[in-house]
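Below: one structure, written as structure tokens.
Every heavy atom of this structure was used, including side-chain atoms; hydrogens, water molecules and symmetry mates were not. Sequence positions, counted from 1, serve as the residue numbers for this chain. Since the structure is predicted, the reported quantities are computational estimates derived from the model, not experimental observations.
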Amino acid sequence: MKKFKFTISGNEYEAEILNVDENLAEVSINGNVYQVEVDRNMETTKTPRLVSAPTHISNSNDSLSATPKTANPAVPKGTGNVKSPLPGVILDVTVKEGDTVRAGQKLVMLEAMKMENNINADRDGKVLSVKVSKGDSVMEGDVLLVIGD
């Protein structure tokens, strides 16, 4: 998402924000990946703060995968976020809150890099909330919908 270079007490660091999901961020610092809490009052343009308590930081190199994470531990089990795979503009939202959807069903049409991309459901369930509407600009990783049981 964003890359930063900074110096603390003469030591140079390269940091990259890999993913932000509500108040949790996945940050790579000098090649090591950490899960950090982000101040809830923070605007998305600010840099997340590393939480100094060791219980909140975990090295998650082995938990990274090519498939996007949709579950959030703070929400009830069986609930998942449908996220934007790339930045673009919402052309159409084909479902509304309360609709029942099947895995593979088209939920949103996203225009990205002058191409139309269908965003499909990755699970069966009920649309709990729709976070975007036609004409909205979204960034990679933004939550578009929440699907639950």
Side-chain angles (χ1 to χ4, degrees), residues 1-4 14-149:
M1 292 176 88
K2 289 188 178 185
K3 293 183 180 184
F4 301 93
E14 290 184 16
E16 180 178 7
I17 300 171
L18 303 173
N19 186 25
V20 178
D21 189 10
E22 295 185 23
N23 72 325
L24 293 177
E26 193 170 345
V27 180
S28 171
I29 299 178
N30 289 349
N32 294 319
V33 179
Y34 300 96
Q35 298 291 328
V36 297
E37 284 186 9
V38 179
D39 186 357
R40 287 185 174 260
N41 298 327
M42 183 188 86
E43 294 180 25
T44 56
T45 57
K46 293 183 182 177
T47 305
R49 282 186 340 202
L50 288 177
V51 177
S52 60
T55 57
H56 296 291
I57 299 174
S58 64
N59 189 338
S60 63
N61 285 331
D62 49 12
S63 69
L64 296 177
S65 67
T67 57
K69 298 176 188 173
T70 58
N72 179 348
V75 295
K77 187 172 180 171
T79 301
N81 296 328
V82 176
K83 298 180 181 180
S84 177
L86 29 136
V89 176
I90 303 297
L91 294 179
D92 192 22
V93 179
T94 59
V95 294
K96 61 185 182 311
E97 272 186 40
D99 286 356
T100 301
V101 295
R102 310 275 302 152
Q105 179 179 339
K106 180 172 129 180
L107 304 172
V108 175
M109 182 173 293
L110 173 74
E111 179 184 7
M113 299 184 291
K114 298 186 180 183
M115 294 183 65
E116 294 179 355
N117 300 278
N118 290 330
I119 310 299
N120 299 327
D122 61 349
R123 63 172 60 215
D124 293 348
K126 181 178 176 182
V127 178
L128 300 179
S129 68
V130 178
K131 306 284 187 182
V132 295
S133 57
K134 187 175 180 178
D136 287 353
S137 293
V138 296
M139 296 302 295
E140 180 180 351
D142 285 354
V143 176
L144 307 175
L145 301 142
V146 179
I147 298 176
D149 294 328

Value rounded to 0.5 Å, distance of CG in D149 from CG in L128:
8.5 Å
List the steps and the verdict of side-chain contact (heavy atoms from CB on, under 4.5 Å) for N19 and K83.
CA-CA 11 Å; N19 186 25; K83 298 180 181 180; 3.8 Å; yes
What's the spacing between E16 CD and F4 CZ if we round to 0.5 Å?
10.0 Å
Give me the atom names and distance for the closest heavy-atom approach of K134 to V93.
N-CG2, 4.3 Å
Treating T94 as the side-chain partner and K106 as the backbone partner, does any N or O pair qualify as donor plus acceptor under 3.5 Å?
yes
Residue that, paired with I119, satisfies side chain to side chain contact (heavy atoms under 4.5 Å, CB included) out of I90, V82, V132
V82
If you take all heavy atoms of A112 and L86, which pair is closest and at what distance?
CB-CD1, 2.9 Å
Between S28 and L18 the two heavy atoms that sit nearest each other are CB-CD1, 4.0 Å
Find out whether N117 and P85 are in side-chain contact, i.e. whether some heavy atom of one side chain is under 4.5 Å from a heavy atom of the other.
no
Testing the basics here: between I147 and R123, what is the closest heavy-atom pair and its distance to 0.1 Å?
CG2-CD, 3.7 Å
Would you confirm whether N118, through its side chain, and M109, through its main-chain N or O, come within 3.5 Å as a donor-acceptor pair?
no
Interatomic distance, L145 atom CG to E97 atom CD [nearest 0.5 angstrom]:
9.5 Å
Derivation and outcome, side-chain contact (heavy atoms from CB on, under 4.5 Å), residues V33 and E26
CA-CA 7 Å; V33 179; E26 193 170 345; 3.7 Å; yes
Can you tell me how far apart NZ (K131) and CG (L144) are? Round to the nearest 0.5 Å.
11.0 Å
